[in-house]
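Shown next, in structure tokens, is the structure this report addresses.
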Amino acid sequence: MSSSSTHINHPSFGNLPADRVIIFDTTLRDGEQSPGFSMNLAEKLRMAEALAALGVDVIEAGFPVASKGDFESVNQIAKHTKGAVICALARSGGAKDIAAAGEALAPAERKRIHNFISTSPLHMKYKLRMEPEAVLDLITTGNTAARNLTDDVEWSAEDGSRTDPDFLCRCVEAAIKAGATTINIPDTVGYATPEDMERIFSMLLERVPGADQVIFSAHNHNDLGLGVANTLASVRGGARQIECTINGIGERAGNAALEEIVMAIRTRHDQYPFTTGIQSESLLKVSRMLATITSFDVQPNKAIVGRNAFAHESGIHQDGVLKNAATYEIMTPESVGWSRSSLIMGKHSGRAAFRDKLKALGYGDLDDAKLNDAFARFKDLADKKKAVYDEDIVALVDDEVRDNEHIRFGTLSLTSCSGKPSTVTLSLHVDGKVVEAEATGNGPVDAAFNALRSAFPHDARLALFSVGAVTEGTDAQARTTVRLEEDGKLVDGQGADADTVVSAVRAYVHALNKLLVKRTRAEPEALTV
């Protein structure tokens, strides 16, 4: 859509004003391709509901042909998630891909098939091993097949930022003629600069017949730390769809971060006079939800949603903020979901107050059984700690909201003495059955992990073990991260507990459950965008 046009008619969105930017979230597809990231069906459904409530326009739910699990995830999201267009990925040259995408999306109120193929000389020669004319034929074939299944079709030129401009114009023209209604030009390897991306979109809008009748989209990776800058430059060049992820997750260095793009547009409306449908006050809640599901914490200095994003330690800064917040804060913490104080719960807090707090933290869908388990753990923690923070509640509830179908932590007892091996006896619930094991080790954590491997035998290698504190103070909960590796697949698990050994076992169990999900997935050849 050219920057000079006032409206464009789109099959899913009707007449769109020229300043409206569509937010296309690919957390569940591109984001989940990150090493160590994986989500089960229940977690994907929960995340999709949160994205729809956030105001995301298009949710890319997955790649249905990749595995039965991916197909089922897309199908269930299409069936249950309302308010957003549900999108599925397919290769332009894969008839089975496009058919699987169409079948998986069948229950959706609004649906999109997103097909792609590489167009750069490097990718065509070494990855596809195809001549340019053959690629053009597949673009026509793929988009025609997709358009026969839905009116909303997106086509992506993989490695588009490194594609010859003349050939890129021919590809885009072919996709439009074959029925694509959205054209995506990805910076697949994060090579481009803002000047490159603005120039590419301006060029396409000027040179390609029919370009003013489709929406152009930007999908920028962050390998040089330019993902958000490249995305904003793309919008300047005429793109009106932004492809992004919560917390910027994604392959390698990740994707452009949704929360950063949205707040840049909102805060610098003088430079970016555009609008989105995002409810920015929910950004922090969704960010925390994703961190919980993936077991990847947001870095403290992450823009918008990092815990230091609105912290001021310098005395000069503190003085300025106290006198007038605008001196050092370009947006209010409340505008993205932060509150001024998180110290709100204690041992006298009741179940109703606890439920209300969970809703505020993004856990409003807990069933009664999980709520009871979480409340029991909260009361136990409140008896041990003088002050219970939001972070404490999030950490202890995380384990209860996970859909651990196969393995759950039961109990643990420990005998340890300096200079002697430690002994741990633990019980697990494996597919509803209690399994007990006892083992010794070089310290309590080693003994606990040995007992866990005895109770649930497996060959995964422990690739990372890290312990930190959820909050400050000697009574803080321990939060443990465990990374397991099996046949090249990496998964991370997290656990929290006032007992460091228990938190370690919870993290290991979480990682094992994610590994079991990962085992069922197979990445098809040449999957990327």
Side-chain angles (χ1 to χ4, degrees), residues 10-14 22-33 38-92 94-116 142-156 179-182 184 215 217 241 243 245-246 277 286 289-290 293 364-365 367 401 403 405 517 520-524 527 529:
H10 187 274
S12 286
F13 301 108
I22 295 169
I23 300 297
F24 176 112
D25 183 276
T26 185
T27 299
L28 297 175
R29 201 278 302 169
D30 199 337
E32 208 205 6
Q33 290 176 214
S38 63
M39 307 180 205
N40 61 33
L41 176 57
E43 290 167 338
K44 288 184 177 181
L45 283 169
R46 182 168 167 243
M47 197 68 212
E49 292 291 339
L51 292 170
L54 180 65
V56 165
D57 297 297
V58 183
I59 298 173
E60 189 166 47
F63 191 67
V65 82
S67 68
K68 291 182 179 178
D70 279 57
F71 181 96
E72 180 68 11
S73 295
V74 175
N75 186 252
Q76 290 300 311
I77 290 170
K79 186 179 297 183
H80 296 290
T81 304
K82 310 301 180 184
V85 174
I86 307 302
C87 175
L89 188 67
R91 290 165 294 190
S92 298
K96 290 183 179 179
D97 292 37
I98 292 171
E103 185 180 353
L105 290 170
E109 292 180 344
R110 294 185 296 164
K111 55 194 172 188
R112 173 182 298 185
I113 294 177
H114 177 194
N115 70 108
F116 72 96
N143 283 283
T144 300
R147 189 59 187 262
N148 286 334
L149 298 175
T150 176
D151 290 337
D152 190 343
V153 175
E154 177 171 343
W155 176 74
S156 286
T181 53
T182 299
N184 180 39
I215 291 174
S217 179
Q241 177 177 280
E243 305 194 4
T245 60
I246 300 296
V286 179
M289 178 185 295
L290 180 65
I293 289 172
D365 56 350
D367 59 34
V401 300
D403 185 23
E405 297 179 271
V517 173
T520 66
R521 300 189 62 194
E523 295 301 329
L527 171 58
V529 171

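By convention here, the first residue in the shown sequence is residue 1. The figures here come from the full heavy-atom set of this structure, side chains too, leaving out hydrogens, waters and symmetry mates.
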* Locate the shortest heavy-atom distance separating His10 from Thr181; write the atom from each residue and the value. => NE2-OG1, 3.8 Å
* Run the side-chain contact (heavy atoms from CB on, under 4.5 Å) check on Asn184 and Phe116 step by step: do they pass? -> CA-CA 9 Å; Asn184 180 39; Phe116 72 96; over 6 Å; no
* Determine, step by step, whether Met289 and Ile246 satisfy the side-chain contact (heavy atoms from CB on, under 4.5 Å) criterion, reporting the C-alpha distance in whole Å, the side-chain angles of both residues, the deciding distance to 0.1 Å, and the verdict. => CA-CA 10 Å; Met289 178 185 295; Ile246 300 296; over 6 Å; no
* To do: Heavy atoms only: give me the nearest Phe63-Arg29 pair and the separation to one decimal.
  => N-CG, 4.3 Å
* Could I get the full list of side chain to side chain donor-acceptor pair (under 3.5 Å) partners for Thr150, not counting sequence neighbours? => none
* Asked: If you take all heavy atoms of Ala50 and Val286, which pair is closest and at what distance?
  -> O-CG2, 4.2 Å
* Structure fact -> Here the gap from Glu109 atom CD to Lys82 atom NZ, rounded to the nearest 0.5 Å, amounts to 4.5 Å
* Asked: Between the side chains of Thr182 and Glu154, is a donor N or O closer than 3.5 angstrom to an acceptor N or O?
  -> no
* Structure fact -> Separation between CZ (Arg46) and CG (Leu51), nearest 0.5 Å, reads 11.5 Å
* With side-chain contact (heavy atoms from CB on, under 4.5 Å) as the test, would you mind laying out the steps for Leu149 and Ile98 before giving the verdict? => CA-CA 9 Å; Leu149 298 175; Ile98 292 171; 3.9 Å; yes
* Minimum heavy-atom distance Ser73-Leu41, with the two atoms named -> CA-CD1, 3.7 Å
* Asked: Which heavy atom in Glu60 sits nearest to a heavy atom in Thr26, and how many Å separate them?
  -> OE1-OG1, 2.7 Å
* Does one side chain, of Glu243 or Ser217, offer a donor that lies under 3.5 Å from an acceptor on the other? -> yes
* Asked: For Ala88 and Val74, which heavy atoms make the closest approach, and how far apart are they?
  -> CB-CG1, 4.1 Å
* Count the heavy atoms belonging to other residues, nucleotides or ligands that lie under 6.0 Å from NZ of Lys96, then report whether that count exceeds 12. => no
* So Val58 and Ile22, side-chain contact (heavy atoms from CB on, under 4.5 Å) or not? Walk me through it. -> CA-CA 8 Å; Val58 183; Ile22 295 169; 4.1 Å; yes
* So, do Asp152 and Arg110 sit near enough that their side-chain heavy atoms are less than 4.5 Å apart? -> no
* Asked: Roughly how far, to the nearest 0.5 Å, is NE2 of His114 from CG of Leu89?
  -> 6.0 Å
* Donor-acceptor pair, side chain of Asp70 and main chain of Gly62, under 3.5 angstrom -> no
* To do: Starting at CD1 of Ile77, measure out to CD1 of Ile59 and round the result to the nearest 0.5 Å.
  => 7.5 Å
* Asked: With sequence neighbours excluded, what pairs up with Glu49 under the side-chain contact (heavy atoms from CB on, under 4.5 Å) test?
  -> His80, Thr81
* Asked: Which value, rounded to the nearest 0.5 Å, describes the distance between Glu103 atom CD and Asn75 atom CG?
  -> 8.0 Å
* Out of curiosity, Leu290 CG to Glu43 CD, how far, rounded to the nearest 0.5 Å? -> 10.0 Å
